[in-house]
Amino acid sequence: MARYRYLFRQLVSRELRRKYKGSRLGVLWYLVNPLVLLAAYTLMFGHVLKVQSFPDYPIFLMIGIVVWTFFQQSLLASSESLIDQGPLVRKARFPREAIPASSVTVQLITFLAILALLLPVALALRDSVAPALLLLPVVVALLFCFALGCGLIVSVMHAYFRDVAPIVAAALLPWFFLTPIFYQPSTLPFAQQHAWVETLLAWVNPIAPFVEATRSILYSGTAPGWGVLVYIVCIAAATLGAGALVFRRMEGELAVVV
Amino acid sequence: MSEAELQLRPGEVVLRDATRWFNVRADNARTLKGMLLGRRVSGPPPVPALQGVSLRIERGETVGIVGRNGAGKTSTLRVLAGIVPLQAGTGGCGGRTISLLELGAGFSRDFSGRENIYLQGALYGLSRAELEPRVEQIVAFSELEGFIDVPVKTYSAGMMLRLGFSIAAHLEADVLLIDEVLAVGDEGFQRKCLRRISEQIAAGVTLVLVSHDAGAIERVCDRVVVLDAGRVEFDGPTAEGLLHYHRLMGTERGGGESLRPAGDRALHVLDVELRDSAGRTSAVFPSGAPLQVIVALRARRPVTDPVLALELRAQDGTRVYRTTHRFELDADGTAQLAFEVSALNLLGGDYDLALGAGHGAEAALAERTIRFSVAREEGPEGIVALDGSWRSMPAAEKRA
C-alpha cells in the first residue's frame, strides 16, 4: 500500500490541475465557485427569505454551506471517478481505492482553502477564539473520513450500476434543505411545537452533527456537546469501515465493468 | 488467487484450472433499478473465455500464446496481470508484472507524454526517485522527443504504442505480458521492440507474448501455447506449436482464395493450397518433409495451350526454383493441378510461392503468391538443404 503513495499524490495533483487546465484563473476556480455560491445564499437566506435571524447571519450561513459543499462535492466527484479513470483501472493491479480517495482529497484541499479564508473573518467577527478551536482539526478529519466512506461506496456502486450517480445527485437537493445550514433545528418555530422534528433534523441526518460541531467551534466559540462528538466519531468510523468493506467486496470486476 | 497464496518466486507464472467467463450484453452496465426489481437479465448467456487453463512458466522462459480470435489469449493475459479475477482456479505472476494489453490503457489523455510516464510508473508502485533516472531512456527509446510534452490525446495509435512499449520495457519487469498491440508499430519500431525484448530476456525476464505474427513468435519464443475455445490445445516447443496452430487455422481457412478481381485475363488461378504429408492444409513445414501444392484454375473463355508457372522465391526475392507445366482444361473450363514435392529440401525461413497462368502467346505472370515457412532447426543455414555430411579423411586418402 505504502509504495503507491506516489500514485496517490499524482492522482490528486492531476485532478486539481485537470479540471481547469488551460483556463486563466486555473486552480483559483476551485475557490471562485463556492465563493459565488456563498454570496448568493447569503443574499437569499440572509436578506430576501429570512428564515431565522441570528447575529452575523452570513457567518452562521457560510459555516453550514462550506461543510455541506465539501460533502456534496465529494459525493459527486467520487461517483464518476472510477469510470473517468477507466484507462488506469484496465491497465494494472493497484489499490483502486486510490481513485475515489484522490477525488475526495481534492475536495478536502478546496474545503481547507475556503476554510482558511473564512476562519479569520469568523474568529474576528464572532470573537470566538477559544480552546475549542483545537477541536476543529479533529472535526475536519472526522468529516473527511465520513465523506471518504460515502465516496468509496458511491464510486464502486456507480461503476456497476450506472444510475447511482443520478440518484445521488437527485437526493442531494432535498438533503440540502433538510440539513441545518440556514437554520438551527432547536430554534426552528415549527420544531419547537413538534419536538420529534428537531430530533429528526439534528440526529437522523448524519451530516447535521458535523455542521453543528463546526458551527459551535467557529460561530459560538464553544466545544461541541459530548453527544455530538461521540456521534461524529462513531458515524465517521462506521461509514469509513463500511466504505472500505463494500469497496473490497465489489472491486474485483472493476476492469470488466468500467 | 493471490501470488502470496501460490508462493510464486519473481518471474514465475502459474495458472491452475483457470476458469473465467464474461457477460456479453450490449448494455454492459446493469442498473440498480433492474436489480431491485429483480428483473431477469435477458440476452445471450455468458461466454466462457477460459475453461480450466493450466500453465506453469518458469523465470526466464519466453512463451507465445496463439489461437483464433476469441480463443482466450487476451483473457489469459488479463488474468495473469491481475486485472480481471478468475471465477474458479488460481493463478498469478511473481514479482513486478508489467502488461501492454490495450493501446491507451494507463494513459491520461489530457496530460503530456512525459507526465504519463510518471503516472504509469506510479501505477506499478514506483516512486518518483525510482522513475526519474529512467524517463530520459524511455523518451529516447520511443523516439518521441518532439512530442513528449504535448497531450497524449494528440497522439496517433503508433505514437501511443511507442510510448506504451517504451515505458513497459524500461520499468525492470520480472514478467512482461504483451498483447497484439505491437502490430500497430511500423516495421522499424517493431524490430526495435523485438530487439529490446530479447535484451530483457537475456536479463532473465519472463515473457508472455500474444501474437498472430508467427514470424515474431518464432524469433522470440522458445515455447508456444495454442489456445482454442478457452482450452490449451498444445503446449510445447515453438516449431511444433506453430505447426499445430497453422493446422488449427487451416481447417477452417481452406487455402488462399483470391479476393482480387480477375482483370481481363482469359485464364486465372482461383485457389492455391499447401498440404502436408497427411493431406492437411498448412503453412509451416519441417525441412525435408513432403509438400503438395494444389492449384485450381478457371478459363473465362476458351483458350489454347494453357500453361501454369510455379516459382519459389526466398525472402530476399532470389528465385530458388521455377517450373512451367502445359495442361488440358476440363470441359467446364476449369482445371485442378497438384505439384508434388517428395522432400522439401529447404532450410528454415520464410518462402513465397508464386503462381501464374497463361496461354498461347500470353505469358504466365505471377498472379498469386502464397507464403509458407520452413521450421528453423539447429544446424546449417541458407536456402537449400544439401544432403551433405562431414567426415575426417583417413591418411590413405590424403592428397600428396
Side-chain angles (χ1 to χ4, degrees), chain A residues 1-23 79 82-96 98-99 102 153-154 156-168 170-171 248-258, chain B residues 1-3 20-23 27-36 49 75 78-87 92-93 96-111 115-116 118-131 151-152 164 167-168 171 177:
Chain A
M1 207 62 160
R3 65 197 186 103
Y4 290 99
R5 259 203 328 256
Y6 180 48
L7 173 68
F8 181 72
R9 261 193 10 234
Q10 277 202 66
L11 286 174
V12 172
S13 76
R14 275 158 23 110
E15 187 64 31
L16 272 173
R17 284 179 302 148
R18 189 185 65 156
K19 201 161 159 195
Y20 296 111
K21 213 174 185 194
S23 69
S79 64
L82 287 169
I83 311 270
D84 287 345
Q85 305 285 18
L88 305 191
V89 172
R90 289 196 301 272
K91 174 75 183 173
R93 177 181 49 188
F94 61 93
R96 274 80 182 257
I99 290 174
S102 68
I153 296 175
V154 168
V156 76
M157 293 280 283
H158 182 65
Y160 289 88
F161 311 107
R162 296 295 160 87
D163 41 10
V164 169
I167 290 173
V168 167
R248 278 290 143 75
R249 279 279 168 85
M250 292 181 71
E251 72 171 335
E253 297 286 303
L254 273 180
V256 182
V257 295
V258 299
Chain B
M1 171 61 234
S2 66
E3 68 262 44
R20 169 78 216 193
W21 54 88
F22 291 102
N23 280 319
D27 54 336
N28 194 12
R30 292 167 286 179
T31 64
L32 196 58
K33 195 178 89 187
M35 199 182 77
L36 291 179
S75 298
R78 294 216 289 166
V79 162
L80 288 177
I83 299 168
V84 168
L86 286 170
Q87 277 139 344
C93 304
R96 183 181 291 154
T97 304
I98 292 185
S99 60
L100 197 59
L101 304 186
E102 189 187 329
L103 215 55
F107 285 124
S108 194
R109 293 172 49 79
D110 291 330
F111 286 84
E115 287 168 307
N116 272 293
Y118 284 104
L119 178 70
Q120 285 213 14
L123 277 184
Y124 291 112
L126 278 86
S127 69
R128 191 182 184 90
E130 287 173 292
L131 281 167
V152 164
I167 296 171
L171 295 183
L177 307 172

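Below, chains carry the letters A, B, ... as their sequence lines are ordered, and counting in each starts from 1.
- Contacts between B:R78 and chain A at a heavy-atom distance below 4.5 Å involve the side chain alone, from C-beta outward.
- Of all heavy-atom pairs between A:Y6 and B:L126, the closest is CD2-O, 3.4 Å.
- A distance of 7.0 Å separates CZ in A:R14 from CG in B:N116, rounded to the nearest 0.5 Å.
- When all heavy atoms are compared, the tightest approach of B:A122 to A:Y4 is O-CD2, 3.7 Å.
- Within the model, atoms OG of B:S127 and CZ of A:R9 stand 9.0 Å from one another, a figure rounded to the nearest 0.5 Å.
- Of all heavy-atom pairs between A:G252 and B:P85, the closest is O-CD, 3.0 Å.
- For chain A, the nearby parts of B:Y124 are the backbone and the side chain; heavy atoms of each come within less than 4.5 Å.
- We find that B:R20 and A:E253 are joined by a salt bridge, their nearest charged nitrogen and carboxylate oxygen being less than 4.0 Å apart.
- To the nearest 0.5 Å, atoms OG (B:S108) and CD (A:Q85) are separated by 6.0 Å.
- Contact check on B:E115 versus A:R17 returns a salt bridge, with a Lys/Arg side-chain nitrogen under 4.0 Å from an Asp/Glu carboxylate oxygen.
- Between A:A255 and B:V84, the shortest heavy-atom distance links the atoms CB-CG2, 4.3 Å.
- When each of B:L119, B:I98, B:L100 is checked for a side chain to side chain contact (heavy atoms under 4.5 Å, CB included) with A:K91, only B:L100 meets the rule.
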